[in-house]
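Structure first, then comments.
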Amino acid sequence: MKWLYAFGMSCFLLGCSQQPIKQIVSDVNDPPLGQQLSLIPYPNSVQRLSGSVVIHDSVQVVVEKDAVDRQPVAKEASKVNTALQALENVLARLNLSNRADGSTKLTLRMVDQSELGDEGYRLDIKQNIVISANTETGLFYGIQTFRQLLPTRLQSSYLLPRVHIIDRPTFSWRGNMLDVARSFLPIEYLKAHIDRMARFKLNRLHIHLTDDQGWRVEIKGYPKLTEIGGASAVEGGRSGFYSQVEIQDLVSYAQQRHVILVPEVDLPGHTQAAIAAYNQLACDDVTNLAPYSGVKVGFSKLCLTQPEVIYPFVKDVLSQIAVLFPSEYIHIGGDEIKDPLYPEFIAKATRMVEALGRTAIAWEEGSVADNNAGVLLQLWNDKYDIQPALDKGHQLILSPCSYSYFDHGNFAGQPNTYDWCRKEGVPLERAYQLNPQAFMQVLGVESAMWSELVHTNATADNRLWPRLLVTAELGWSQENTRDYAEFLGRLDSLMPVLEQLNIQYYQE
Ligand code: TNX
């Protein structure tokens, strides 16, 4: 009712065209003062000012010169102007032109304010609109917030709440893991996923590239990895692999959206696909050398008593992965295997990654090895005793399965979902109950979608959304702004965004 009144008043004062009032009003992200704006993840500080700003058919975009001059280091050169591009996309979709005589001025301003950090931004919507940040990434995120304040559908004019937002993420790691090894996901899906992640300020896409059921990345000099390992999949799932050219394209696509791709080559267990391709990687007494399409875990391993065979292979693979994925991180797996030489293998593999100039990541079990403290550990069993690793100084990526495993049901008993970690599944509310602040030495959060039972894009969407919005909020928002009831309200208002992104999300 209040919104209707506000709209009526602004039409009276400013004049507006003949649009069905109902449609416009329902789309305005301008709830009564005192109620949260419909934003996910919720910003750190939102100061609502009374009244609204109306954008008619055009805006005047001003990129303050500094914003172009103070670009980050060469490594990130491809990110240059990603914020402006993102803004131009938003405007184009709403049929707003960028003109020197535009009715509203929208400024992208590079500043130097330590309180905004590397990814934070300020968004001021008063008479005019100003987005300021220390970095291109910060500007990009400011634009994502601005975008959520706008409707998804075309209107003749757009009403924005007057606000002053100061925002930065709680954690630098706001991730999602996709298992493309059990069942392949096409590159187009990954691109769409990166777009969707970026909309909600998620910034790490961990790709589980290899497992027993498939090897999904081209490695030069080992053609059978993809000829044989790329041709298998879990029963009912999809096979396939990414060529090196495709990976390079994906990397630059992700960079432009401020998402870092984190490749995982699962070693030394979960390696049946590699063994089926190159039998010599298994010990001589192993008779099962065939491709695998079941769902068991923990039965395969590289032959750790033949270091002269396996380490050159591991080194070749990791070296090529490092070239393909320029990001800071390489995940070496390390889960679910028993072998007396396991700790030695993990210590060697993490050092190989470090020798390539990267940060190594291992699943929690890797903590038994003599790793350097810089190795990141990914916690996945809720009750795993990670304290000894914390004492050694390791940092954690939090993926405790009873909150963060999205291959588990959206509800108890959902068909084609796992429940080994939590028999009630991982409903939205459960996912929201993870409190990262209850852990120590946390780099961030990451939800995981294993794909033994996820064989199509539609099923992947159903498992990922809307739960991934929880990951976004846990990773970004401060503990004191998190409130599940409010979250549900905001989610409800943002459903048109999921629709616009063509997400086949799970509906209650
Ligand atoms: C455990 S979590 C696994 C995966 C399975 C998953 C199924 C982890 C590091 N290993 O191999 O796909 O359970 O939920």
Side-chain angles (χ1 to χ4, degrees), residues 175-185 206-216 232-238 262-274 292-301 330-338 342 345-346 349-350 360-369 375-386 389 396-410 412-426 430-431 434 445-455 459-460 462-464 467 471:
N176 180 233
M177 189 214 76
L178 296 180
D179 171 6
V180 297
R182 272 55 178 267
S183 183
F184 185 67
L185 285 166
H206 167 181
I207 317 179
H208 183 78
L209 286 166
T210 70
D211 212 301
D212 292 317
Q213 297 85 344
W215 184 285
R216 307 291 177 216
S232 58
V234 74
E235 200 180 337
R238 291 185 284 201
V262 181
E264 178 187 351
V265 179
D266 201 350
L267 301 165
H270 288 267
T271 39
Q272 188 67 18
Y292 182 69
S293 61
V295 296
K296 288 203 198 96
V297 293
F299 61 89
S300 62
K301 59 185 169 191
I330 296 179
H331 200 309
I332 55 127
D335 56 323
E336 297 176 316
I337 155 176
K338 286 203 170 53
Y342 168 81
F345 176 91
I346 294 293
T350 57
I361 310 174
W363 293 105
E364 62 195 15
E365 297 99 310
S367 62
V368 301
V375 172
L376 304 176
L377 296 169
Q378 188 162 8
L379 193 71
W380 62 281
N381 278 293
D382 291 37
K383 301 215 172 85
Y384 190 84
D385 180 14
I386 204 69
L396 302 181
I397 297 165
L398 300 179
S399 308
C401 54
S402 81
Y403 300 91
S404 311
Y405 269 27
F406 294 170
D407 55 342
H408 279 52
N410 285 291
Q414 182 175 16
N416 296 319
T417 60
Y418 271 137
D419 65 357
W420 62 263
C421 179
R422 189 166 187 269
K423 66 178 182 338
E424 304 87 348
V426 179
R430 169 69 184 181
L434 172 64
V445 291
E446 184 175 298
S447 46
M449 191 192 70
W450 301 96
S451 63
E452 287 96 329
L453 305 175
V454 179
H455 304 158
T459 310
N462 174 284
R463 302 300 183 267
L464 292 165
R467 287 185 288 190
T471 313

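Just the heavy atoms: all of them, side chains too, but no hydrogens, waters or symmetry mates, feed the values below. All residue numbers refer to positions in the sequence shown, counting from 1. Atoms within a ligand are numbered from 1 in the order they appear, just like the ligands themselves.
- For atom 14 (O) of ligand 1, the closest non-hydrogen atom on the protein side is D407 OD2, 2.6 Å.
- On a distance-only criterion, W420 and ligand 1 share at least one N/O pair closer than 3.5 Å.
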Please step through side chain to side chain contact (heavy atoms under 4.5 Å, CB included) for the pair W450 and V297, ending with a clear verdict.
-> CA-CA 12 Å; W450 301 96; V297 293; over 6 Å; no

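- In this structure, H270 has a heavy atom closer than 4.0 Å to ligand 1.
- The contact set between ligand 1 and Y418, taken as ligand atoms under 4.0 Å from a residue heavy atom, comprises 7 (C), 14 (O).
- Closest to atom 2 (S) of ligand 1 among all protein heavy atoms lies Y405 OH, 2.5 Å.
- In this structure, D212 contributes its side chain and Y292 its backbone to no donor-acceptor pair below 3.5 Å.
- Among protein heavy atoms, the minimum distance from atom 12 (O) of ligand 1 is reached at E452 OE2, 2.6 Å.
- Among protein heavy atoms, the minimum distance from atom 3 (C) of ligand 1 is reached at E336 OE1, 3.5 Å.
- Close N/O approach between R182 and ligand 1 is found [any backbone or side-chain N/O within under 3.5 Å].
- Ligand 1 has a nitrogen or oxygen under 3.5 angstrom from a nitrogen or oxygen of D335.
- When all heavy atoms of E452 and H455 are compared, the pair lying nearest together is O-NE2, 2.6 Å.
- Of the N and O atoms on the side chains of W380 and E446, not one donor lies less than 3.5 Å from an acceptor on the other residue.
- A donor atom on one side chain and an acceptor atom on the other are found under 3.5 Å apart for S367 and Y384.
- Checked by atom type and distance alone, the side chain of N176 pairs as donor or acceptor with a backbone atom of S447 at under 3.5 Å.
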Decide side chain to side chain contact (heavy atoms under 4.5 Å, CB included) for Y405 and W420; before the verdict, give the C-alpha distance in whole Å, the side-chain angles of both, and the deciding distance to 0.1 Å.
-> CA-CA 10 Å; Y405 269 27; W420 62 263; 3.8 Å; yes

